[in-house]
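The structure appears right after this line, and notes come after that.
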Amino acid sequence: MNLPEVPPARLEEEWAADKDVLASLKESGDIAHLVRPVDVSFRGDDAALDKLEADAEELGFEVIEREKDEDGEMCLFLGREQAADETSIRALTRKCVQIEMAYGVEYDGWGCTSEDGTDDEEDTEETGQAH
C-alpha cells in the first residue's frame with residue numbers, strides 16, 4: 001500500500017508532542033527499547049473508519065476497539081507491538097499521519113505503558129498522547 005508523503009512541518013508538530021510523552025516515559029523508569037503494546041487512535045466518520053478498520057492488518061496494526069468519545073465522535077483504536085524509543089516512535093508517528101492523510105481521518109495520538117523490564121504490573125504506568 002502506497003501512503004502519501006507527509007510535509008516536514010507536520011511531522012515536526014507531531015514530534016513536539018511525542019517528545020513530551022517520551023520524556024514522561026523516561027521519568028517513570030521506562031526502558032525504551034523494550035517491545036510492548038502501543039495503541040493509536042483515529043477519529044472520523046463511519047465510512048472512513050470502516051475502510052481503515054478493514055485495512056488495519058495490511059498497515060501493520062490490529063483493531064482494538066471502536067467507540068464514541070465523550071464528545072460523541074467515533075474513534076478507532078489500533079495497536080501493535082513495538083519499542084518506544086525515539087526512532088520507533090518517529091516511524092509510528094509518520095505512518096499514522098500518512099494514514100490520516102490517506103483515509104481522511106484525524107490521527108489522535110498514541111499511548112503505551114512504561115516498561116521497566118520487570119513483569120510486575122504495579123510498576124507500569126499508562127502514558128499517552130492526546131491532540
Side-chain angles (χ1 to χ4, degrees):
M1 173 175 293
N2 289 333
L3 293 173
E5 281 302 310
V6 179
R10 176 64 196 285
L11 282 177
E12 286 307 313
E13 175 186 313
E14 293 293 335
W15 183 239
D18 290 346
K19 285 183 193 178
D20 291 340
V21 177
L22 291 174
S24 177
L25 284 167
K26 187 175 183 178
E27 286 174 13
S28 66
D30 185 65
I31 301 172
H33 71 272
L34 293 178
V35 174
R36 82 284 309 272
V38 177
D39 62 273
V40 297
S41 62
F42 296 92
R43 298 174 189 274
D45 64 41
D46 284 330
L49 293 176
D50 285 346
K51 180 154 178 39
L52 177 53
E53 190 171 337
D55 292 347
E57 189 173 320
E58 184 180 345
L59 292 163
F61 295 94
E62 66 179 46
V63 175
I64 298 173
E65 68 179 333
R66 190 164 162 175
E67 66 182 19
K68 285 188 178 180
D69 68 9
E70 61 276 354
D71 298 325
E73 287 188 85
M74 191 56 72
C75 297
L76 176 62
F77 295 88
L78 304 178
R80 70 188 205 180
E81 297 277 328
Q82 71 166 66
D85 60 89
E86 181 178 326
T87 302
S88 299
I89 294 301
R90 277 187 180 261
L92 175 68
T93 297
R94 176 183 302 275
K95 183 170 234 174
C96 288
V97 174
Q98 289 174 311
I99 289 169
E100 176 185 88
M101 295 168 63
Y103 286 82
V105 294
E106 178 188 346
Y107 170 52
D108 196 36
W110 61 274
C112 67
T113 56
S114 174
E115 298 292 334
D116 64 6
T118 67
D119 288 336
D120 187 356
E121 289 189 24
E122 291 178 18
D123 291 340
T124 62
E125 178 179 317
E126 183 74 26
T127 304
Q129 170 185 340
H131 293 253

Do the non-hydrogen side-chain atoms of Tyr103 and Leu76 ever get within less than 4.5 Å of each other? no

Could you tell me whether the side chain of Pro7 reaches within less than 4.5 Å of the side chain of Glu13, counting heavy atoms only? no

Between [atom1] of [X] and [atom2] of [Y], what distance do you get to the nearest 0.5 Å?
X: Thr87; Y: Leu92; atom1: OG1; atom2: CG; answer: 12.5 Å
X: Leu59; Y: Glu53; atom1: CG; atom2: CD; answer: 12.5 Å
X: Asp85; Y: Leu22; atom1: CG; atom2: CG; answer: 8.5 Å
X: Glu5; Y: Gln98; atom1: CD; atom2: CD; answer: 6.5 Å
X: Arg10; Y: Thr93; atom1: CZ; atom2: OG1; answer: 10.0 Å

Does [X] reach the main-chain N or O of [Y] with its side chain, forming a donor-acceptor pair under 3.5 Å?
X: Lys95; Y: Leu3; result: no
X: Arg66; Y: Asp46; result: yes
X: Ser88; Y: Ala84; result: no

So does Glu65 have more than 12 non-hydrogen atoms from other groups sitting under 6.0 Å from CD? yes

Got a sec: does the CZ of Arg94 have more than 12 other heavy atoms crowding it under 6.0 Å? no

Could you go through the salt bridge (charged side-chain N to carboxylate O under 4.0 Å, His left out) check for Asp45 and Lys51 one step at a time? CA-CA 10 Å; Asp45 64 41; Lys51 180 154 178 39; over 6 Å; no

Trace of the side chain to side chain contact (heavy atoms under 4.5 Å, CB included) decision for Glu14 with Glu100: CA-CA 12 Å; Glu14 293 293 335; Glu100 176 185 88; 5.6 Å; no

Grab the two heavy atoms, one from [X] and one from [Y], that are nearest each other, plus how far apart they are.
X: Pro4; Y: Ala102; answer: CD-CB, 3.8 Å
X: Ala56; Y: Val63; answer: CB-CG2, 3.9 Å
X: Gln82; Y: Val38; answer: CG-CG2, 3.6 Å
X: Cys112; Y: Arg36; answer: SG-NH1, 3.9 Å
X: Phe42; Y: Tyr107; answer: CD2-CA, 3.7 Å

Walk me through whether Phe77 and Asp108 qualify under side chain to side chain contact (heavy atoms under 4.5 Å, CB included). CA-CA 10 Å; Phe77 295 88; Asp108 196 36; over 6 Å; no

Shared hydrophobic cluster for Val40 and Met74 (ILVMFWY, side-chain gaps under 4.5 Å): yes

Identify which one of Asp39, Leu52, Ile99, Ile64 satisfies the side chain to side chain contact (heavy atoms under 4.5 Å, CB included) criterion when paired with Leu78. Leu52

